[in-house]
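Naming convention: chains lettered A, B, ... in sequence-line order (proteins, then strands); numbering from 1 in each chain.
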Protein chains: 2
Amino acid sequence: MSLRLPAPARREQILDVSVQVFAHRGFHSTSMNDVAEAAGVTKPVLYQHFDSKQDLYMALLEEAGARLRNAVHKAVSEATTGKQQTEFGYKAYFRWVAQDHDAFLLLFGSRANRDEESTIAIRRITAEAAHAIAPLIAADIEGEHQEMLAHGLVGLAEGVSRHLVEKGVQFDPEVLGQQIADLAWAGLRAVHRNG
Amino acid sequence: MSLRLPAPARREQILDVSVQVFAHRGFHSTSMNDVAEAAGVTKPVLYQHFDSKQDLYMALLEEAGARLRNAVHKAVSEATTGKQQTEFGYKAYFRWVAQDHDAFLLLFGSRANRDEESTIAIRRITAEAAHAIAPLIAADIEGEHQEMLAHGLVGLAEGVSRHLVEKGVQFDPEVLGQQIADLAWAGLRAVHRNG
DNA sequence: ATAACGGGTGACCGAACAGTAACGGGCCGT
DNA sequence: ACGGCCCGTTACTGTTCGGTCACCCGTTAT
C-alpha cells in the first residue's frame, strides 16, 4: 500500500518519523510495528533500511548528536573572548533545542530509555559538550575539577531546556542563552575566587 | 532454600537489593528473575511483597525521592539568609548523593529507564526540588521565569553528580556543595542585574 | 509480450519475560 | 505428636515483540 517511495527517500522518512515516535514514547515503549505504522509501511520495510531496532535508534542518536555538536562548535569558534564563547555556545545550544525539539527529547528527555549501548553514546555526547566548555573555566583550576564544573554547566542548560520543552513553553533562544551565559560566567568567576 | 526471613525483613531486603540492581542495569534490562536471584530467592516471593514489577520500582523511586526531599528540606530550613540556604541545600544534596549512590543513579543516572508512570514520578521529584529552590531567586523575577532558573540549578547539581558518580570519583560533599552554591549564588545575582 | 528489478506485504517463528497455580516443609502452639 | 501457618519452590502459561521467509505487483528495458 501507501505510495511507493525510492529507497533513500524512504530511509529519510523513516528517520524523520521515528525520531518523533521515540522521542515521545521512549525506546522500550515503542515497538517496530509502531514505527512502521507511523511511517505508513510495514515492519519488513524497516529492516530493509536498518539492521535492527538498536541500529535504527543509534542512527537517530548519532544524527541528533552531530547536529548539536556542530551547532555549538561552529558558534563557539566564531567568538573571541571567553565570555563571548560562553554566550555564543549557550545561544547555539538553545537554538538547537528550540528548532529540534524531538532531537532534544530523544537525547535528554525524561523518557530517554537507555540500554548499555545508547547510554555510552549519550554519555559521549554529553562528555564532548563538557569538554568543549572546560577550557572556558579559569586555568588555575586543575583538570579533573574543570571537567566536573563543565558537566555542571551542561546540566544547567539541560535542566532549563527539559523544563521548557516538556512543559511546552515557548522561548527565545537568544534571550535565554544570554541569561544562562551570564549566570554561568558570573558563577565561574565566583568559584574561581573561592576555589 | 536460603535462610527463611520474616516477611517485613524480607521486604526490606528486597528493596535494598533491587535498588542496587535497578540502579546499575536499568528497569527494562533487569528481569524479575534477576532481582530474585540477587536477593537469593525465587520470583514468586517478590510477588508476595509487591503487586508487580512496576509496583516494586515505584516503591523504590518513592523512597529515594523522599530521602532526598527530607534531607534538602531539613538542611534549608536550618538556614537564615538566602545565601546560606543555597549553601545548606546544595551541601545536603551532595551529601545525599555521596551516601546513597544507588538511589541517585536510580533517579537521575543515565540508565534510568522510564515509562509513563515513573517519568511522572521523577518529574515530580525534580519539580519539587526546583520549587524549593525557586524562592531563593530574586523576587523581582516573575514566577515562571523563577521556576525555569530553578530547574537549571537543579540540573547543575545533577550534571555534576552524574559525572562524579558514574566516573566513580570520590568527593567531599561539604566542599563541593560550597563551590556549587557559590557558583549558583553569584550566577543568580548576575542574571538578576541583567534580567 | 515478457523478463528482471525493486519496493512492499502477510503470516509466521522463537525467545524473553511478567505473572500464577499448586505444592513442600519447618516451626509454632496445643 | 499434630495440625495449621507461613515462607518458600518448581513448573507452567500467555503475551509481546524483534526479526525473517516467501510471495506480490507495478514499472522499465529488451
Side-chain angles (χ1 to χ4, degrees), chain A residues 1-19 21-61 106 111-119 121, chain B residues 1-19 21-22 24-61 106 111 113-119 121:
Chain A
M1 271 275 170
S2 89
L3 196 51
R4 291 163 71 96
L5 246 53
R10 182 61 80 193
R11 193 191 147 94
E12 274 321 295
Q13 186 227 4
I14 291 174
L15 286 170
D16 282 357
V17 161
S18 51
V19 75
V21 174
F22 279 127
H24 290 279
R25 315 223 316 238
F27 181 76
H28 288 284
S29 310
T30 304
S31 74
M32 285 302 257
N33 266 327
D34 291 339
V35 176
E37 193 179 354
V41 288
T42 53
K43 217 181 353 164
V45 174
L46 303 183
Y47 286 93
Q48 289 168 4
H49 298 279
F50 302 94
D51 287 348
S52 65
K53 186 183 184 182
Q54 189 65 317
D55 182 43
L56 168 58
Y57 195 66
M58 293 301 291
L60 296 176
L61 294 187
L106 188 77
R111 292 301 292 275
N113 291 357
R114 298 161 189 173
D115 49 31
E116 189 73 42
E117 199 181 0
S118 22
T119 297
Chain B
M1 272 276 173
S2 86
L3 197 51
R4 291 163 71 94
L5 246 54
R10 181 63 79 192
R11 193 190 147 94
E12 273 322 296
Q13 187 227 1
I14 291 173
L15 287 170
D16 282 357
V17 161
S18 50
V19 74
V21 57
F22 277 128
H24 290 278
R25 316 225 318 237
F27 182 76
H28 288 284
S29 310
T30 304
S31 74
M32 285 302 257
N33 266 326
D34 292 340
V35 175
E37 193 179 352
V41 109
T42 53
K43 215 179 358 164
V45 174
L46 303 183
Y47 286 93
Q48 288 170 5
H49 298 279
F50 303 93
D51 287 348
S52 64
K53 187 183 182 181
Q54 189 63 261
D55 182 43
L56 168 57
Y57 195 66
M58 293 301 290
L60 296 176
L61 294 186
L106 189 77
R111 292 300 292 276
N113 290 0
R114 297 160 189 176
D115 50 32
E116 190 73 43
E117 199 181 0
S118 21
T119 297

Within this structure, what is the [atom1]-to-[atom2] distance between [X] and [N], rounded to whole angstrom?
{"X": "A:Tyr57", "N": "D:dG19", "atom1": "OH", "atom2": "C1'", "value": "20 Å"}
{"X": "A:Phe50", "N": "D:dG18", "atom1": "CZ", "atom2": "P", "value": "15 Å"}
{"X": "B:Ile14", "N": "D:dG8", "atom1": "CD1", "atom2": "C1'", "value": "11 Å"}
{"X": "A:Leu3", "N": "D:dC25", "atom1": "CG", "atom2": "P", "value": "19 Å"}
{"X": "B:Arg11", "N": "D:dC6", "atom1": "CZ", "atom2": "C1'", "value": "17 Å"}
{"X": "A:Leu56", "N": "D:dC17", "atom1": "CG", "atom2": "P", "value": "16 Å"}
{"X": "A:Leu46", "N": "D:dG19", "atom1": "CG", "atom2": "C1'", "value": "11 Å"}

For this session: Test A:Met32 against A:Tyr47 for side chain to side chain contact (heavy atoms under 4.5 Å, CB included), laying out the working first.
Result: CA-CA 10 Å; A:Met32 285 302 257; A:Tyr47 286 93; 3.6 Å; yes
So which atom in [X] and which in [Y] form the shortest heavy-atom distance, rounded to 0.1 Å?
{"X": "A:His49", "Y": "A:Arg11", "value": "O-NH1, 3.3 Å"}
{"X": "A:Arg111", "Y": "A:Ala23", "value": "CB-O, 4.3 Å"}
{"X": "A:Asp34", "Y": "A:Arg25", "value": "OD2-NH2, 2.7 Å"}
{"X": "A:Val17", "Y": "A:Val35", "value": "CG1-O, 4.3 Å"}

For this session: Look at A:Arg10 and C:dG8 and indicate whether a side-chain polar atom (N or O) is within less than 4.0 Å of OP1 or OP2.
Result: yes
For this session: Would you kindly check whether a donor in the side chain of B:Arg4 faces an acceptor in the base of D:dC6, or vice versa, at under 3.5 angstrom?
Result: yes
For this session: Would you kindly check whether a donor in the side chain of B:Gln48 faces an acceptor in the base of D:dG8, or vice versa, at under 3.5 angstrom?
Result: yes
Problem set entry | Parallel, tilted or perpendicular: ring planes of B:Phe22 versus B:Tyr57, cut at 30 and 60 degrees |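 Perpendicular, since the angle between the ring planes exceeds 60°.
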Problem set entry | Listed nucleotide nearest any side-chain atom of A:Thr42, set C:dT9, D:dT9, C:dG8 |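 For the A:Thr42 side chain, the nearest candidate turns out to be C:dT9.
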Problem set entry | Row check, B:Phe27 ring normal vs B:Lys53 NZ/CZ: under 6.0 Å, within 45° |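 Relative to the ring axis of B:Phe27, which defines the angle, B:Lys53 lies inside both limits.
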Exercise. Once each nucleotide of nucleotides 13-23 of chain C is scored for protein heavy atoms under 4.0 Å, what B/S/- sequence comes out, 5' to 3'?
Worked result: -----BBBB--
